[in-house]
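See below for the structure under consideration.
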Amino acid sequence: MKDITELQKYLESKDFSQLFILVDENTSKHCLPTLLEKVDILTDNQAILLEIPQGEENKNLSTVENLITSLQQSNADRNACLVCLGGGVICDLGGFTASIYKRSIERVNIPTTLLAMIDAAIGGKTAVDFGGVKNLVGTFDFNYETFLDTEFLDSLSKNQIMDGVAEILKTFLVSDENLTCEFIQAITNAKVSNTTIKNENDTTENSNTENEILIQAIRPFIIKCASIKEDVVHQDCKDKGIRRKLNFGHTLAHAIELFYNLSHGHSVAVGISYALDLSVKHCGFPQKKAVKIQSFIADNYAIPPFKDDMKSLIPLMQQDKKNSGSNINFVLLKDVGVVF
């Protein structure tokens, strides 16, 4: 992952035949002006804008077909570059489109959400949803670079920030106990500060200040989290071994996301809590540690009645890509950083 200040030099050095910028309605309005202001070549070379509707429901093959048609009509050749400016949907869908157009054109990921910065924009996984199953159709494609600009975090809502918090927590839980404890404490301290603010007059200014405090608490952990994922991906590009640990909490999370129509990060938080229950029961994970982490999750995320709906969730979990045959496979922990 590189800083956004390096993007201009990178694009100039590659001598791309054409530049395309993929956005949704939200990033077109809130993020594109900032990008164009910082990276002159995107304006000077008259990069072609490709805009799609916002939302997970548009992460499908129909949208991919429309994008391929636009690329073809613009005579994009194999030396073109697709700049993906957005969150997880843009990174996943744009990456998939770039990976299959003329057997892969290069792409640049510029994540605009916390969740994308530490997850979707890193690792080479691309995907779209199909047949009611999340990320069923996809590729591994490493023909990309990711550039980070944390200024985009300032435009996020608290819910969007907390989506990213769940993924950071997951990454630290499967990798490093010290980072896990430091991160939970940092978010807890920020929450205490926010409670003080809420006791004052409830104004838009106070709401913005709450987010600023939360973002400041998270910033030191972004590169640490991204570096852990990059290291894991480097060891296991195709998700055959150690990389699977990054799916901790996701077996149930993907089912919850579809069944309850919750955000991905919110669903991951719930999935982590349940995976800790299983880890205590089946792997001897220390119960005191589990309770502390689950209390943190319960304090920050609404927990749906998923145990009551398990009969409906099981068929969705059976579609999970980690499964073997008819068995539902879970990534569990023997301890923080010790994956089973």
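Sequence positions, counted from 1, serve as the residue numbers for this chain. Only a predicted model underlies this, so the values are computations on that prediction, with no experimental measurement involved. Keep in mind that the numbers below use all heavy atoms, side chains included, and drop hydrogens, waters and symmetry copies.
- Leu153 approaches Thr113 most closely through the heavy-atom pair CD2-C, 4.2 Å.
- Ring orientation note: the planes of His254 and His250 are nearly perpendicular, at an angle over 60° on the 30°/60° scale.
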Item to check | Test side-chain hydrogen bond (donor to acceptor under 3.5 Å, both in side chains) applied to Thr27 and Asp24, step by step | outcome: CA-CA 5 Å; Thr27 55; Asp24 61 25; 3.1 Å; yes

Next on the checklist: Quick one, Ile328 with Gln318, criterion side-chain contact (heavy atoms from CB on, under 4.5 Å). Give me CA distance, side-chain angles, the key distance, then yes/no.
Outcome noted: CA-CA 6 Å; Ile328 297 175; Gln318 287 174 329; 3.8 Å; yes

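- Annotation: the span from Phe285 atom CZ to Asp335 atom CG amounts to 5.5 Å, rounded to 0.5 Å.
- Judged purely by distance below 3.5 Å, without hydrogens or angles, the side chains of Asp92 and Thr126 never pair a donor atom with an acceptor atom.
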Next on the checklist: Before you tell me yes or no, could you show the steps for Lys170 and Glu167 under salt bridge (Lys or Arg N to Asp or Glu O under 4.0 Å), namely the whole-Å CA-CA distance, both residues' side-chain angles and the distance that decides it to 0.1 Å?
Outcome noted: CA-CA 5 Å; Lys170 172 217 71 177; Glu167 280 285 358; 2.9 Å; yes

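- Looking at every heavy atom in both residues, Leu115 comes nearest to Gly265 through CD2-N, 4.3 Å.
- A donor-acceptor pair shorter than 3.5 Å can be found between the side chains of Asn135 and Lys59.
- Side chains of Glu257 and His266: no donor on one and acceptor on the other come within 3.5 Å.
- Inspection of the Glu212 and Gln216 side chains reveals no N or O donor paired with an N or O acceptor under 3.5 Å.
- Under the 3.5 Å distance criterion, with hydrogens and angles disregarded, a donor-acceptor pair is assigned to the side chains of Asp231 and Gln235.
- Screening Asp236, Asp141, Asp239 for a salt bridge (Lys or Arg N to Asp or Glu O under 4.0 Å) involving Lys125 leaves a single residue, Asp239.
- Thr43 and Asp40 are not linked by any side-chain donor-acceptor pair at a separation below 3.5 angstrom, with hydrogens and angles left out of the test.
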Item to check | Leu93/Leu67 under side-chain contact (heavy atoms from CB on, under 4.5 Å): CA gap, chis, key distance, verdict | outcome: CA-CA 10 Å; Leu93 185 145; Leu67 289 174; 3.2 Å; yes

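- Arg244 places no side-chain N or O within 3.5 Å of a backbone atom of Val331 that could act as its donor or acceptor partner.
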